[in-house]
Participant: 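This is the structure, below, for whatever I ask next.
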Amino acid sequence: MVKKKFILLLGFIAIINSCLSQDSIPGFIRISGKLPQLAYSTGEDRLGSAKMGYIDTNIVLRVLDTVKNLYKLQLSTSRYAFIEKIYTQPYADTILKPALAESWRVKGDDKVDSVSISLTGKVAYKSWMEINPAKIKIELYNVQCNTNWITQLKSAKAVKNVWYEQTESDVLQITIELIKQQHYGYSIGYNGRSLLLKIKRQPAVADIRKLTIAIDAGHGGTNTGASGVTSGILEKNYTLLFAKELQKILKQQKVKVLMVRNDDTTIDNKDRVLWAQQNNPDLFISFHLNSSGRSTARGVSTYYKHVAYRSFTQSLLNRLLQIKNLEEFGNVGSFNFTPIQPTEFPSSLVEVAFLSNTADEKMILDQKFRYKVAYQVYLGIKDWIKQWK
Ligand SMILES: [Zn+2]
């Protein structure tokens, strides 16, 4: 009798458990929230899983699984991606039909070129930049091609050519070939049901005075960053000093400067991205100071996310390495750091030196060194502009 009751109880618990686990996975979600992004993996380190890119809101996707704070989403028959649950809203069960890609239009206005792809529904996408030759590529998921014409107008000044390839039965790959070889930035998102790309043009005159440069002093407010190994100085205060040195030099050179912060305020990294996307600078430079558990680690490093912007970070590093006693820590690519994720403008993270190394820390404390770093960054920007192709 007891045994029977026990088995019944176990069965009851199993039923409840299976209901609960089914409840925790919605059939479909709608993408929502501030700056949602898709990720390739569930990998967790201090920078989070490797990003596929930002994605627009109100796209409906099927949920395949749930892993901790992530949903595994089906993009197309054979593709999937992960998204943090905070970027989703449950969506009433439905059947997702593939969208059709219809006519396209390529044109320009007085500032940017645009490529508009008409679709019968909003679908997930991924975009990236290629170099040599310069191309922007887009993959549209759960899409079948019904594009019967692509109109290309002479007002387009940055785009050389566009074409598509249905690479899988429900994946459409789009190629936008550019005239200039140095990528200068683009945005991607929905305008109604059309996917709209806005492609920036390289300025006609290669002159630093024609640019607007955004300077980001890392950390700030309650986010203090690393601290000096002997002095205890805080990273947030010294990133601002480097940023202000560069601001002074650029202003003297009649360059338009935008500062992410001018004082000791807390700004979330996502808000830095949203701010930059709104203010639309030509270049974005983020100052940080490095730190390592290994006290011998030292030197300067520059970082990029997109290979299209590598040349910019190399120009900065080459000039910074001219500073006496500043060693090379390296040029680092595919860096999974939020402020340099946007495709909208070339960007570089500059980790000036290590607060955890006594020799580097001594330099950071020296105003002459901070000026020198800012001046070399200024020269690096000028070098990069000179090599535009
Ligand atoms: Zn930092």
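Just so you know, ligand 1 is whichever comes first in the structure, and atom 1 is the first atom listed for that ligand. This is a predicted model, so every value here is computed, not measured.
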Participant: With a cut-off of 2.8 Å, how many protein N, O or S atoms neighbour the Zn ion (ligand 1)?
Facilitator: 3

Participant: Can you say whether the rings of Tyr184 and Trp384 are parallel (under 30°), tilted (30 to 60°) or perpendicular (over 60°)?
Facilitator: parallel

Participant: Please work out which of the three classes, parallel, tilted or perpendicular, describes the rings of Tyr375 and Tyr378, given edges at 30° and 60°.
Facilitator: tilted

Participant: Keeping to residues at least two apart or across chains, list the ring pair (Phe, Tyr, Trp, His ring centres under 6.0 Å) pairs with something in residues 217-252.
Facilitator: His219-His288

Participant: Is Lys126 close enough and on-axis enough to Trp128, meaning under 6.0 Å and within 45°, for cation-pi?
Facilitator: yes

Participant: Side-chain atoms of residues 194-204: list all donor-acceptor pairs with protein atoms under 3.5 Å, sequence neighbours left out, distances to 0.1 Å.
Facilitator:
from	atom 1	to	atom 2	distance (Å)
Lys200	NZ	Asn280	OD1	3.3
Lys200	NZ	Pro281	O	2.9
Arg201	NE	Asp113	OD1	3.0
Arg201	NH1	Asp109	O	3.1
Arg201	NH2	Asp109	O	2.9
Arg201	NH2	Val112	O	3.2
Arg201	NH2	Asp113	OD1	2.8
Gln202	NE2	Gln182	O	3.4
Gln202	NE2	Lys389	O	3.4

Participant: Show me the side-chain donor-acceptor pairs of residues 224-233 shorter than 3.5 Å, one per line, residues at least two apart or across chains.
Facilitator:
from	atom 1	to	atom 2	distance (Å)
Thr230	OG1	Glu361	OE1	2.3
Thr230	OG1	Glu361	OE2	3.3
Ser231	OG	Ile233	N	3.2
Ser231	OG	Glu361	OE2	2.7

